[in-house]
Number of protein chains: 2
Amino acid sequence: MSDRVVCRPGGRSARIQASVHQAVEDLLREVGRAELTVPMVAARAGVTPSTLYRRWGDLTHLLADVSAQRLQPDQALPDSGDWRADLRAWTEQYADEMSSKLGRQMLRDVISASVETGIANNCRAFVVQQIASICARGGDTLDAESVIEQVVSPILYRILFDDRPADRAFCGRLLDRVLD
Amino acid sequence: MSDRVVCRPGGRSARIQASVHQAVEDLLREVGRAELTVPMVAARAGVTPSTLYRRWGDLTHLLADVSAQRLQPDQALPDSGDWRADLRAWTEQYADEMSSKLGRQMLRDVISASVETGIANNCRAFVVQQIASICARGGDTLDAESVIEQVVSPILYRILFDDRPADRAFCGRLLDRVLD
DNA sequence: TGCGTTAATGCAACTTTTTTGCGTTAAGGA
DNA sequence: TCCTTAACGCAAAAAAGTTGCATTAACGCA
C-alpha cells in the first residue's frame, strides 16, 4: 500500500517505484485515466502486474500514490514583498491547477484512497504549510486555518460539486472576504 | 449510465432498478464497500451481471447512482419557528450524516462518478434547495450561496481531507461566522 | 383490444483482469 | 562473506468484464 512502511527501500524497490510512477504519468497523458489499466502500467514499467497488485493493491491506490507525490513538489512560493498579492497569486494558481482535468482526477483518486488510508490529510498538511508561510509574511494577522475554511474549501467544493468554474472572479470574492 | 435518458421506464426496467438498488444497499451493510462486486450485486438482485454492466457501466457508477438517490429523500425540514435554529439543526445533521462511514463512501462514489457525469451537481442543487428554503424563513437576509461557501464547503473539506472531526463545535463556529 | 417495433434482458462464449503458490533474486545485517 | 528474508518474476487458476445473439416485454398505433 502507498502508506506502508517501506522496509527495504534500497536499490530495486526504489527503482521499480520510480519506473512505475513514471509509467503512470506517461500513460495518463497518452491514453488518459479512463483507459488506464494495471497490466498496461506494468508493461510500460517493465514489471509483472502481480508486483503492482502486491505493492499498491489496485489502480486506485496506485494513482492516489502518484497523485499525492505530484501534489507535493510544487514550485517554490514567489515572494513579491506584498503578502496579500502572494496569497492571491497562490490561490489563483491552486484553483487553476485543481480545476484542470488532471487536477480533478488527482483529487478524485486521493479522496477515493483516503477513505481508508488518510492520504488526503497529507495533502492538506502540505497546503496548510504553504499558506502558513505566506501568512507569516503578514505577521500572522491572518491564520492558515481561516484561509483553508474560507478560500480553499469553497474552491474545492466548486471543482467537485459545481458546474460553475472556480475562476479568478470567484477566488477574488473569497479572498476579499477573508482579508476583511 | 445513471444519467441516461430512460427510454422505456415501465414495468420491468423499474423493477430491476429497484431490485438492484435494494441489493446494493443490503450488501453495503452486510459485506461493506470494499468487498462489493458487480456479480455479487447481480446475484442478490436476481439479474445477470451483463445487465448491470450495460445499464451502469461499472461498480463506481452504480454506487454513485444509488448514493445520489439516497441523498435526495431526506426527511422533511423541521420548522421550529426560529430559522437560525433550523439552520443549525440542519447543518449538524448534515455534518453527522456525511461524516459517517456510509456518508464518506457516498461522497467518494458521487465525486468519482462526477468527473464525467456531473452527478455531484445534482446533489449540490438539492442541498442548495434545502438551505434556501430555510433562509427564506428569515426573509432571505442570508443567501444559500453564502451558506454553501462558508458552512457546507468547510464541513466537506474536513470530512474529505482532514483527520479532525466535523463536530458540533466546528459547525457552530462556521455558523456563527456566517450569521454575523 | 390486438399487432408490430424495438429497448432491455438473459444466456453463453470469450477476453481481460486479478489472485495465488512457489521458485528466484537481491537488500540489509551479522 | 554468508545468512535471512523482503520483494519480485513466472505461470496457473479464479474472477471480473465484454460481446453477439436469441428472447422477452414495454410502448406506440390502428
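All values below were derived from every heavy atom in this structure, side-chain atoms included, with hydrogens, water molecules and symmetry-related copies excluded. Letters A, B, ... are given to chains in the order of the sequence lines, protein chains preceding strands, and every chain is numbered from 1.
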* To do: Flag the pair D162(A) and R164(A) as a salt bridge only when some basic side-chain nitrogen lies within less than 4.0 angstrom of an acidic carboxylate oxygen.
  => yes
* Side chains of S146(B) and D143(B): is there a donor and an acceptor less than 3.5 Å apart? -> yes
* Tell whether R12(B) reaches the base of dT9(C) with its side chain through a donor-acceptor pair below 3.5 angstrom. => no
* Would you say a side-chain N or O of Y53(B) is under 4.0 Å from OP1 or OP2 of dG17(D)? -> yes
* To do: Quickly work out the R54(A) CZ to dG23(C) C1' distance and round it to whole Å.
  => 12 Å
* Contacts of T60(A) that satisfy side-chain contact (heavy atoms from CB on, under 4.5 Å) - sequence neighbours left out -> D58(A), S112(A)
* **Nearest-nucleotide comparison on DNA chain D, the residue closer to the 5′ end among G11(B) and I16(A)** => I16(A)
* Asked: Got a second to check how far I134(A)'s CD1 is from L77(A)'s CG, nearest 0.5 Å?
  -> 5.0 Å
* To do: May I have all residue pairs that pass ring pair (Phe, Tyr, Trp, His ring centres under 6.0 Å) and include part of residues 160-180 of chain B, sequence neighbours excluded?
  => Y157(B)-F161(B)
* Asked: Please give, in whole Å, the distance from dT18(C) P to D58(B) CG?
  -> 12 Å
* Calculate the interatomic distance between Q17(A) atom CD and dA7(D) atom P; express it in whole Å. => 12 Å
* **side-chain contact (heavy atoms from CB on, under 4.5 Å) partners for D180(B), two or more places apart** => none
* To do: From the options R55(B), R12(B), Q22(B), select the one residue that forms a side-chain hydrogen bond (donor to acceptor under 3.5 Å, both in side chains) with Q17(B).
  => R55(B)
* Structure fact -> Under a 4.0 Å heavy-atom cutoff, the residues of residues 33-52 of chain A touching DNA chain C are T37(A), V38(A), P39(A), S50(A)
* **DNA chain D stem ranges, 3 or more consecutive Watson-Crick or G-U pairs under 3.5 angstrom** => C:1-30 with D:1-30
* Any side-chain N or O of R55(B) under 4.0 Å from OP1/OP2 of dT9(C)? -> yes
* Asked: Without hydrogens or angle criteria, can the side chains of H61(B) and D109(B) be said to hold a donor-acceptor pair below 3.5 Å?
  -> no
* **T48(B): partners by side-chain contact (heavy atoms from CB on, under 4.5 Å), with sequence neighbours left out** => S50(B), T51(B)
* **Rounded interatomic separation in angstrom, taking CH2 from W56(B) and C1' from dA8(C)** => 12 Å
